[in-house]
Amino acid sequence: MNKLTHILCIGAGYVGGPTMAMIAKKCPDRKVTVVDINEARIAAWQGPDLPFYEPGLREVVDATLGRNLFFSTDIPAAVAEADVVFVAVNTPTKTFGQGAGRAADLQYWEKTAREIQSYATHDLIVVEKSTLPVRTATAMKRVLESGDSRHHFEVLSNPEFLAEGTAIADLEAPDRVLVGSAETPAGLAAREAVVDIYASWVPRERILTTNVWSSELSKLAANAFLAQRISSANALTELCEKTGADVTEVSRAIGADSRIGPKFLKAGVGFGGSCFKKDILNLVYLCEQQGLSRAADYWRAVVEMNEHQETRFVGTMLKAMFNTVAGKRIALLGYAFKADTSDTRETPAKVVADLLAEERAELVVCDPHALENARKELAPHGGRVSFEPDPYKAVEGADAVAVLTDWRQFAALDWARVYALMRKPAFLFDGRNFLPHRALFDLGFHVYPIGKPPMSHF
Ligand code: NAD
Ligand code: UGA
């Protein structure tokens with residue numbers, strides 16, 4: 001087996017950057033280069049402010065940058081030097097043409113394949129790190145070996161399972177690493193060489209190997225299963241609110257069954273993030289393409305339930321606040337799609353903010369790390385939305401507070417002070433179901449959790 005000493009990753013985003021920094025940390029005997037077409041991003045990786053907030057990332061980058069981790073925009077030189085190329089470019093949902101709104105937009109991936117093909121100077125292992133439709137590896141190989149290409153390209157799948165906010169812990173000790181390859185002598189040899197990279201720190205029994213199609217599909221399936229659990233919990237919330245059951249108690253009771261397990265059963269305002277929705281819709285599209293309408297409908301319902309939960313949250317706010325929020329000041333605590341990240345892609349907070357702005361509420365958005373993104377995304381609402389890093393200033397004179405991200409800072413607020421600062425009646429909508437509802441009610445708030453009956457003083 002040839003040791004892969006020059007590792008290249010194309011795409012310096014949320015996956016490419018942290019993953020390669022961890023490989024560089026764990027494999028000091030290998031050189032790791034990350035390239036991107038986005039010059040600002042490459043500069044940020046080498047500067048004082050990383051391109052996004054991720055706990056622990058700074059330390060890993062500091063320990064490796066310039067030692068065996070390098071960032072560059074010189075793609076031709078990097079490809080020429082590489083033994084293996086990880087492709088971690090974005091694969092968003094297509095917004096145009098056939099499959100718009102469902103299929104994966106593969107233009108960035110295909111451009112990358114063409115770049116690799118034109119700059120390769122020798123045989124190469126190419127690894128799909130991005131999340132891709134099952135059977136993309138065939139298309140990848142066709143692009144790589146088209147025209148007058150003289151080299152052999154072995155295409156593998158090694159999907160990434162890290163979650164934002166816990167990326168470093170996930171990379172340090174992954175539940176599993178998955179490496180799929182063709183089951184040919186060349187494919188198996190390439191598989192072993194890629195496994196060998198991870199074996200530097202991941203126990204062998206946690207490195208799963210499969211054929212390439214199983215690997216590609218497992219990534220879509222894993223995200224679909226995780227999101228389905230959240231939608232299942234959310235699908236119980238309205239029934240809980242109407243019957244006096246408490247969804248957090250129900251989730252605890254269900255999760256205590258070792259066959260089910262406790263994780264990803266937390267009901268809330270809905271799941272966000274760049275991947276759940278896009279990957280499920282991609283799965284839906286793949287099923288539709290194969291004529292599997294029942295399977296497509298099944299998975300589509302996971303996304304539909306999520307959209308229902310987001311709009312239902314605003315419906316609850318409106319109803320509670322006497323069917324009008326026009327001119328009322330509402331503080332949105334949290335804008336990131338989850339705690340411990342500055343990422344706001346597909347955040348439920350944007351849906352909530354858009355709907356409330358349509359109702360002519362005056363919004364104040366507060367988030368410890370995501371205000372820059374919030375400013376850009378909510379700019380179309382003009383003066384109707386303001387931005388305030390200090391939660392106590394954000395709630396001053398507010399009629400309502402809606403908690404949309406489970407930042408620890410918000411749980412630790414002096415809620416008596418918050419209550420005192422607000423206009424009365426003071427409404428509290430806990431979109432993450434993580435505040436002490438009884439104690440808040442006792443302070444005077446009208447409390448609206450998710451999945452348990454409201455606690456109102458009226
Ligand atoms: P991202 O948008 O943060 O980063 C992708 C990067 O690729 C961008 O910086 C972009 O400039 C670059 N790029 C695009 N085309 C290029 C080209 N032709 N040459 C060089 N660079 C190019 O995306 P991300 O969040 O890192 O996601 C990447 C992939 O990983 C997606 O398929 C996603 O589904 C998957 N994934 C993401 C996560 C996550 O937590 N974000 C987790 C697991 C898997
Ligand atoms: C998710 C998966 O967890 C990763 O394994 C996967 O690699 C990644 O997608 C990807 O492919 O991009 P991520 O989106 O970063 O990771 O974060 P999660 O922790 O999964 O949270 C997603 C959303 O679900 C958040 O909005 C979170 O608040 C919400 N969530 C999560 C709930 O509403 N309830 C829960 O019980 C768990």
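Ligands are counted one by one from 1 in listed order, and the atoms in each one are counted from 1 as well.
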More than 12 non-hydrogen atoms from neighbouring residues, nucleotides or ligands closer than 6.0 Å to CD on Glu372, yes or no?
no
Under 3.5 Å between some N or O of ligand 1 and some N or O of [X]?
X      : answer
Tyr14  : yes
Arg345 : yes
Thr131 : yes
Arg41  : yes
Val35  : no

Which heavy-atom pair separates Ser215 from Pro159 by the least distance, and what is that distance?
OG-CD, 3.2 Å
Ala296 versus Glu288, closest heavy-atom pair with distance:
CB-CG, 3.8 Å
Pair Ser72-Asp74, side chain to side chain donor-acceptor pair (under 3.5 Å): steps then yes or no
CA-CA 5 Å; Ser72 163; Asp74 188 350; 5.4 Å; no
Atoms in ligand 1 flagged as close to [X], the criterion being non-hydrogen separation under 4.0 Å:
X      : answer
Ile10  : 19 (N), 20 (C), 21 (N)
Ala88  : 5 (C), 28 (C)
Thr91  : 31 (C), 32 (O), 34 (O)
Thr112 : 17 (C), 18 (N)
Glu160 : 43 (C), 44 (C)

Nearest 0.5 Å, what's the [atom1]-[atom2] distance between [X] and [Y]?
X      : Y      : atom1 : atom2 : result
His122 : Asp83  : NE2   : CG    : 5.5 Å
Leu333 : Leu428 : CG    : CG    : 8.5 Å
Leu156 : Asn158 : CG    : CG    : 8.0 Å
His152 : Lys141 : NE2   : NZ    : 4.5 Å

So which bit of Asp343 gets within less than 4.0 Å of ligand 1, heavy atoms only: side chain, backbone, both or neither?
neither
Cys275 and ligand 1 - part of the residue with a heavy-atom distance under 4.0 Å:
side chain
What protein heavy atom sits nearest [atom], and how far off is it?
atom                    : result
atom 21 (N) of ligand 1 : Ile37 N, 3.5 Å
atom 19 (N) of ligand 1 : Glu115 OE1, 3.3 Å
atom 11 (O) of ligand 1 : Asp36 OD1, 2.6 Å
atom 2 (O) of ligand 1  : Asn90 CB, 3.6 Å
atom 39 (C) of ligand 1 : Glu164 OE2, 3.4 Å
atom 38 (C) of ligand 1 : Val15 CG2, 3.2 Å
atom 34 (O) of ligand 1 : Lys278 NZ, 2.6 Å

Is the NZ or CZ atom of Arg176 positioned over Phe161's six-membered ring, under 6.0 angstrom from the centre and within 45° of the axis?
yes
Judged by atom type as modelled, is there a donor-acceptor pair below 3.5 Å linking the side chain of [X] to the main-chain atoms of [Y]?
X      : Y      : answer
Asn433 : Ile450 : yes
Gln290 : Leu286 : no
Thr209 : Val179 : no

Side chains of Tyr335 and Lys350, heavy atoms from C-beta outward: is any pair under 4.5 Å?
yes
Is the distance from the ring center of Phe52 to that of Tyr14 below 6.0 Å?
yes
If the test is salt bridge (Lys or Arg N to Asp or Glu O under 4.0 Å), which one of Lys452, Arg312, Lys319 qualifies with Glu241?
Arg312
Heavy atom to atom 22 (C) of ligand 1, shortest distance: which of Asn223, Leu132, Asp279, Val89 holds it?
Val89
With the criterion set at N/O pairs under 3.5 Å, what does the list of contacts between the protein and ligand 2 look like, atom names and distances included?
unit_1: ligand 2; atom_1: 5 (O); unit_2: Phe161; atom_2: O; d: 2.7
unit_1: ligand 2; atom_1: 7 (O); unit_2: Glu160; atom_2: O; d: 3.4
unit_1: ligand 2; atom_1: 7 (O); unit_2: Phe161; atom_2: O; d: 3.2
unit_1: ligand 2; atom_1: 7 (O); unit_2: Leu162; atom_2: O; d: 2.7
unit_1: ligand 2; atom_1: 7 (O); unit_2: Lys219; atom_2: NZ; d: 2.9
unit_1: ligand 2; atom_1: 11 (O); unit_2: Lys219; atom_2: NZ; d: 2.8
unit_1: ligand 2; atom_1: 11 (O); unit_2: Asn223; atom_2: ND2; d: 2.8
unit_1: ligand 2; atom_1: 15 (O); unit_2: Glu164; atom_2: N; d: 2.8
unit_1: ligand 2; atom_1: 17 (O); unit_2: Lys338; atom_2: NZ; d: 3.3
unit_1: ligand 2; atom_1: 19 (O); unit_2: Lys338; atom_2: NZ; d: 2.8
unit_1: ligand 2; atom_1: 26 (O); unit_2: Gly272; atom_2: N; d: 2.9
unit_1: ligand 2; atom_1: 26 (O); unit_2: Phe337; atom_2: O; d: 2.7
unit_1: ligand 2; atom_1: 28 (O); unit_2: Arg432; atom_2: NH1; d: 2.9
unit_1: ligand 2; atom_1: 34 (N); unit_2: Lys266; atom_2: O; d: 2.8
unit_1: ligand 2; atom_1: 36 (O); unit_2: Leu265; atom_2: N; d: 3.4
unit_1: ligand 2; atom_1: 36 (O); unit_2: Lys266; atom_2: N; d: 2.9

Name each donor-acceptor pair under 3.5 Å that joins a side chain in residues 18-25 to protein atoms two or more places apart or in another chain, with its distance.
unit_1: Thr19; atom_1: OG1; unit_2: Val15; atom_2: O; d: 2.4
unit_1: Lys25; atom_1: NZ; unit_2: Glu172; atom_2: OE2; d: 2.8

